[in-house]
Number of protein chains: 2
Amino acid sequence: MAYRLDEQIGYILRLANQRHGLIFNKHSELGLTPTQFAALVRIGEMGACSQNLLGRRTAMDVATIKGVVTRLKAKGFIQLNPDPGDKRRTVVSLSAKGQDVIDQLHAFGEKVTEETLAPLSAPERKVFLDMLKRLT
Amino acid sequence: MAYRLDEQIGYILRLANQRHGLIFNKHSELGLTPTQFAALVRIGEMGACSQNLLGRRTAMDVATIKGVVTRLKAKGFIQLNPDPGDKRRTVVSLSAKGQDVIDQLHAFGEKVTEETLAPLSAPERKVFLDMLKRLT
DNA sequence: GGTTGTTTATTAGTGTACAAACGAATAACC
DNA sequence: GGTTATTCGTTTGTACACTAATAAACAACC
């Protein structure tokens, strides 16, 4: 049987990711990228934490989370403070503006998820997500 | 029900993509990235074509395919020639070295696919790939 | 209490990914 | 045949994503 690019999981995953990105950007009103969105929502879930820990909890390496934090700070959604008990650490937390948009982010995220999964029925979505999680 | 980042399709897709990338790089011997691999395999499937068309058939925009072609050329896997019938076009085709590695690429691709899908049983893989394709 | 090892953050370099704008060449059309 | 629209390739700018190297701070340990 011939090898076909269109049947390879890596290639199809890339396409699915691209489609999700397009849907995300189409609806994005706050000017956030999917990565920035993930970091911001995670801070809302975890509360204040170090930049490094935030990176681990959002699957971003140190160089990536550094840039994401810089841009979220520039946009005013987070604030950065030195950790009083550990001079190595920078404590990342939501700003007042960040607090204010969390509910909006959740509603936005649900809309994006809904549209991305639109081609699948409700029972299919559950099966699909369970299998996809096993590939992480 | 609370919104949870870990349940969002976009976030999980990103994680699955990351895992695939790690598996790909671990086995990569020719120094190719997943994107370069896709472009090279596609040229092998299509034969010679313009740079723009190659981009469309591998889901890369003009700026991305430009860089990928430049690097594949630098690594000696492809050759670039002007199109005799259309002065706008650059014809991209496999070099002798590119021809020589196509079979190796297919075997490599199958190994990466196998390892990426290892957490799923054979029937699950079929169901999963069918659903994932619908999300592209 | 001083060595050893780990953690945290930064920087530099390479490689996707997309948007936007540009000039040159070609195609469509009247 | 001349205007209009489209296509092709390039460049600029922003944003992930990973590797590798570095320096500072902290923790463990005997």
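Because the structure is predicted, anything quoted here is derived from the model rather than measured. Labels below follow one simple rule: chain letters A, B, ... track the order of the sequence lines, proteins then strands, and each chain is numbered from 1.
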Asker: In whole angstrom, what separates A/Leu80's CG from C/dT8's P?
Answerer: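 Spelled out: CG on A/Leu80 to P on C/dT8 is 16 Å.
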
Asker: Test: salt bridge (Lys or Arg N to Asp or Glu O under 4.0 Å). Region: residues 48-67 of chain A. Which pairs qualify, not counting sequence neighbours?
Answerer: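 Not a single pair qualifies under salt bridge (Lys or Arg N to Asp or Glu O under 4.0 Å).
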
Asker: Only pairs at least two apart or in different chains count here, so list each salt bridge (Lys or Arg N to Asp or Glu O under 4.0 Å) that has a residue in residues 118-135 of chain B.
Answerer: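 Output for this query lists A/Glu7-B/Lys133, A/Glu124-B/Arg134, A/Arg134-B/Glu124, B/Glu114-B/Arg125, B/Lys126-B/Asp130.
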
Asker: Tell me, which pairs form a salt bridge (Lys or Arg N to Asp or Glu O under 4.0 Å) where one or both residues lie in residues 101-110 of chain A, sequence neighbours left out?
Answerer: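 Every pair satisfying salt bridge (Lys or Arg N to Asp or Glu O under 4.0 Å) with a residue in residues 101-110 of chain A: there are none.
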
Asker: Rounded to whole angstrom units, what separation is found between the CG atom of A/Asp83 and the P atom of C/dT7?
Answerer: 16 Å

Asker: Would you list the pairs meeting salt bridge (Lys or Arg N to Asp or Glu O under 4.0 Å) in which at least one residue belongs to residues 84-96 of chain B, sequence neighbours left out?
Answerer: B/Asp86-B/Arg88, B/Asp86-B/Arg89

Asker: Quick one: ring-ring contact (aromatic ring centres under 6.0 Å, His included) partners of A/Tyr3, sequence neighbours excluded?
Answerer: B/His106

Asker: What is the per-nucleotide protein-contact pattern of nucleotides 6-18 of chain D, from the 5' end, where B denotes a base atom under 4.0 Å from a protein heavy atom, S denotes such proximity for sugar-phosphate atoms only, and - denotes neither?
Answerer: -BBSBB---SSBB

Asker: Rounded to whole angstrom units, what separation is found between the CG atom of B/Leu72 and the P atom of C/dG15?
Answerer: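 Computing the B/Leu72:CG to C/dG15:P distance gives 11 Å.
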
